Amino acid sequence: MVFNVRETNRSIRDEFPRKIKELNNLWIPMSDGTKLSAKIWLPEDAENNPVPAILEYLPYRKNEFTALRDSLRHPYFAGHGYASIRVDIRGTGDSDGILYDEYLKQEQDDALEILEWIEQQPWSTGSVGMIGKSWGGFNGLQVAARRPKQLKTIITICSTDDRYADDVHYKGGAMLASDMLWWASTMFVYNARPADPEVVGDAWREMWLDRMEKTPPYVEEWVRHQRRDAYWKHGSVRQDYRAIEIPVFAVGGWADGYPNAIPRLLENLDVPRKGLIGPWAHEYPEMAVPGPQVGFLQECLRWWDQWLKGEDTGIMEEPMLRAYLQDSVPPQTSYDYRPGHWVAENQWPPAAIKDQRLYLNENKLTEKPAEGASIKVGSVQQHGMHAGVFCPFGQPGDLPADQRNENGYAVVFESEPVREETAILGHPTFRVELSSDKPHALVAVRLNDVAPDGSSTRVTWGMLNLSHRDSDEFPEELEPGKKYVVDVKMDVIGYTLAKGHRWQLAISPNYWPHAWPSAEEATLTVYPSENTCLFLPIRWEKAIDAELKPFPHPETAPVLSKDILREAKRTREIKHDVVTDVWTLDDYSDEGARRLHVNGVEYGSTNRNVYTIRGGDPLSAKVECDWTLDVGRGDWQTHLVTKSVMTADENNYYLTNRLTAYEGDKEVFDKTWEAEIPRDFT
């Protein structure tokens, strides 16, 4: 479902205030001679009546892989009086060049030239907004920080302001084993896709071979930078929020991997800004699951009209943040809909939030501090297998399963049943006084909702590499046996615990496969005291919630017509060999295959990610990511096969990436990259 379009209850609009025309396969020249490929939707009369522009700037290929989703939004904006533009980043799609890594300065520099080019077009007023989800949300923030005069505002969706601490590489200073290699393997195969011969001509094959030869496996560079250094500071607008001087609309979902940037942007930017957080996974809010979906494109138009056309749409008179408070639900790995209700806040942090403290008391969470016996928290390598995926896209099986599957591998504390429903909005934080018997260790915590029947739904979670307790830039070993007080900040969440339900806190030194395990099994000792407590951001005041206007019903332009050549499929299986004590998480996703009627391009992919670990042996951790990908038309058919593997010993990480390419049935490329990289406090 990543680049497919799911069926929802949205309305389809095929008539708009302005008639639309499409400009396909335009070339935008760069100053170094590189040409970037673009597609533009704009009003037919735009050259006589110039319009503002909206730019979406991605590496995911406009002519097929994002073509379905682009057809929902860009014509919609164009029909309401905008030039809506999709540009393939240098080195991707039909654009020239090589994409050497994520979010390079070259990518930003090219964006500045794109904005200058837009300003010079006869259909343009010179005012531009940027929109994008994930990569396009990242570079919207990054380009805004460069302060080009043409860029007047951005809408950033499912993105981050912190490339080190809040992306798919590291979290809490711990390596994200679940996503580090997977995302790199994704870009490894995506970057190997050829340009379209109907667009670039006979040069396509030479471009293809050059792209495969020169584009590196990104994971090697990501693993070389295991702490917050200049590599990660680049492109992290958190380093200087003041660099952004234009209005920002930040959007995301509780089920996404990127909710935390939204409150940070609201708190730290000094520009007109809005936030929207729904129950959604990594998808646009008019399409995302879990529902409810909202009329997000209409909200975008209100934002664009306000800041690109100078119309007072009233959007800035509304609360700074609209967020969806999710109700207690039984644990499921997929939801079509999450019950709850919308709330509003005029500022962040909200004035109406008060921290409630719950302390550890034997196996309970109580409101009074307890000076009890210390608690041993041992390593169990398979803890975390039921955590769900780190960044759900809304596929079946993405979300955490019943946490009773995990709790036997952790140390768990529960509150008394709450006497009335209790809402939280913010970052639950576990402050803990602890020691470790090893110089390297991590701590992972889960906050769960326990129903009267005992089922346990994960509400939020966090983890901390304890060598990063004081700094992500300058980590330090632990002194075994020494007591430390650390804060483990969990992901921001909006949630209402039902009357009669309990809060549950689970603690472990392992969270595989989200966290790459420490080289040695560590045992933590937790000390109940005033220093050891769970902070819950209780939402007391609800005064402005009743003033909220309901969102409009979701609507989009019609999706492009297509033929389904192969149906999509997803399986996600956990296996345990009781003889060898090897645990395996096998995650298989077939995106399916389809043919677009508009250009005849056929495309599809499959992806299998296998995470294995043996009980009692952290050095047995292994991640394998396999991809197949097809792009073609008629007699022109290309097929890609990749295999990426990551392992580690006590001192080093080991990476292998192999790419094999076929034109028709003929193998035309085969190369293997290998790297050995020292562990650096991870």
Side-chain angles (χ1 to χ4, degrees), residues 1-16 20-25 37-41 56 58-79 84-88 92-94 133-134 136 186 189-190 193-200 204 281-284 286-289 293 296-297 393-396 554-570 588-607 627-640 664:
M1 298 301 295
V2 176
F3 291 117
N4 203 353
V5 173
R6 63 171 50 87
E7 295 303 319
T8 66
N9 66 345
R10 70 189 189 279
S11 299
I12 306 299
R13 283 197 63 173
D14 54 11
E15 293 187 4
F16 299 101
I20 307 165
K21 64 180 179 180
E22 296 180 8
L23 306 178
N24 289 299
N25 303 316
S37 183
K39 179 172 182 175
I40 304 177
W41 297 257
E56 187 177 20
L58 297 174
Y60 302 138
R61 299 173 63 100
K62 59 181 172 50
N63 284 355
E64 71 286 310
F65 275 76
T66 70
L68 294 175
R69 77 182 202 189
D70 291 347
S71 68
L72 302 178
R73 300 177 184 95
H74 290 285
Y76 188 94
F77 294 148
S84 205
I85 305 166
R86 258 288 279 118
V87 178
D88 286 340
T92 70
D94 298 319
K133 174 179 76 77
S134 201
T186 304
V189 73
Y190 282 4
R193 294 173 290 187
D196 189 336
E198 288 196 358
V199 178
V200 304
W204 78 270
H282 197 69
E283 184 54 280
Y284 286 85
E286 75 274 18
M287 303 292 295
V289 292
Q293 297 85 27
F296 181 61
L297 297 188
F393 281 78
Q395 291 181 281
E555 62 180 30
T556 69
V559 67
L560 286 176
S561 58
K562 63 185 183 300
D563 297 322
I564 300 297
L565 307 179
R566 186 179 73 247
E567 294 289 347
K569 179 182 178 181
R570 175 79 183 287
Y588 175 75
S589 181
D590 183 347
E591 184 74 3
R594 52 197 67 86
R595 180 190 300 113
L596 300 179
H597 292 178
V598 68
N599 56 18
V601 175
E602 302 168 359
Y603 63 100
S605 64
T606 69
N607 173 218
W627 280 88
T628 68
L629 191 149
D630 299 280
V631 180
R633 179 196 297 106
D635 293 336
W636 171 66
Q637 296 292 333
T638 64
H639 178 64
L640 300 167

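On a predicted model such as this, the values are computed, not experimentally measured, just so you know.
- Inter-residue side-chain proximity for F65 and T92 is flagged as unmet; no heavy-atom pair is nearer than 4.5 Å.
- Between the CG atom of L565 and the CZ atom of R594 there is a distance of 8.5 Å, given to the nearest 0.5 Å.
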| Where do D196 and R633 land on the side chain to side chain contact (heavy atoms under 4.5 Å, CB included) test, with the steps shown first? | CA-CA 9 Å; D196 189 336; R633 179 196 297 106; 2.6 Å; yes

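- Using modelled atom types and a 3.5 Å distance limit, the side chains of Y603 and E591 yield no donor-acceptor pair.
- Scanning both residues, A557 and S71, for their nearest heavy atoms gives CB-O, 3.4 Å.
- Because its NZ or CZ atom is both nearer than 6.0 Å to the ring centre of Y190 and within 45° of the ring axis, R193 counts as a cation-pi partner of that residue.
- To the nearest 0.5 Å, atom NZ of residue K62 and atom NZ of residue K39 are 8.0 Å apart.
- Closest non-hydrogen pair, A78 versus S84, comes out as N-CB, 4.5 Å.
- Distance CH2/W41 to CZ/F77: 11.5 Å, rounded to 0.5 Å.
- Classification of the Y284-F296 ring pair by plane angle, with boundaries at 30° and 60°, yields tilted.
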| message | Could you walk me through whether H639 and T628 satisfy the side chain to side chain contact (heavy atoms under 4.5 Å, CB included) test, starting with their C-alpha distance in whole Å, then the side-chain angles of each, then the deciding distance to 0.1 Å, before giving a yes or no? | response | CA-CA 7 Å; H639 178 64; T628 68; 4.0 Å; yes

| task | Would you sort out whether S134 and H282 count as a side chain to side chain contact (heavy atoms under 4.5 Å, CB included), showing the intermediate values? | result | CA-CA 8 Å; S134 201; H282 197 69; 3.0 Å; yes

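- Here the CG-CZ distance, from D590 to R566, works out to 4.0 Å after rounding to the nearest 0.5 Å.
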| said: Walk me through whether Q395 and S589 qualify under side chain to side chain donor-acceptor pair (under 3.5 Å). | reply: CA-CA 9 Å; Q395 291 181 281; S589 181; 2.8 Å; yes

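- Here D70 contributes atom CG and R61 contributes atom CZ; the two are 13.0 Å apart, rounded to the nearest 0.5 Å.
- When every heavy atom of W636 is checked against every heavy atom of P194, the shortest pair comes out as CZ2-CG, 3.8 Å.
- Ion pair D563/R595 flagged as a salt bridge, since at least one NZ, NE, NH1 or NH2 atom sits closer than 4.0 Å to an Asp/Glu carboxylate oxygen.
- For the pair L68/L596, a side-chain contact is recorded, criterion being any heavy-atom separation below 4.5 Å from C-beta on.
- Around atom NZ of K569, no more than 12 heavy atoms belonging to other residues, nucleotides or ligands sit under 6.0 Å away.
- Summarising the geometry of A281 relative to F393, their closest heavy-atom pair is CB-C, 3.8 Å, with the distance given to 0.1 Å.
- The residues D88 and R86 are annotated as salt-bridged, a charged nitrogen and a carboxylate oxygen being separated by less than 4.0 angstrom.
- Remark: R10 pairs with no residue by the salt bridge (charged side-chain N to carboxylate O under 4.0 Å, His left out) rule, at least two apart or across chains.
- Side-chain contact check for Y60 versus R69: some heavy-atom pair is nearer than 4.5 Å.
- Atom CD of E22 and atom NE2 of H74 lie 11.0 Å apart (nearest 0.5 Å).
- In terms of heavy-atom proximity, V87 sits nearest to A38 at CG2-CB, 3.9 Å.
- Between L297 and R73 there is a side-chain heavy-atom pair separated by less than 4.5 Å.
- Residues Q293 and A288 share a closest heavy-atom pair of NE2-O, 2.8 Å.
- Checked by atom type, the side-chain pair N599/N63 shows no donor-acceptor distance below 3.5 Å.
- Contact of the E56 side chain with the T66 side chain is not registered, since no non-hydrogen atoms from C-beta on lie closer than 4.5 Å.
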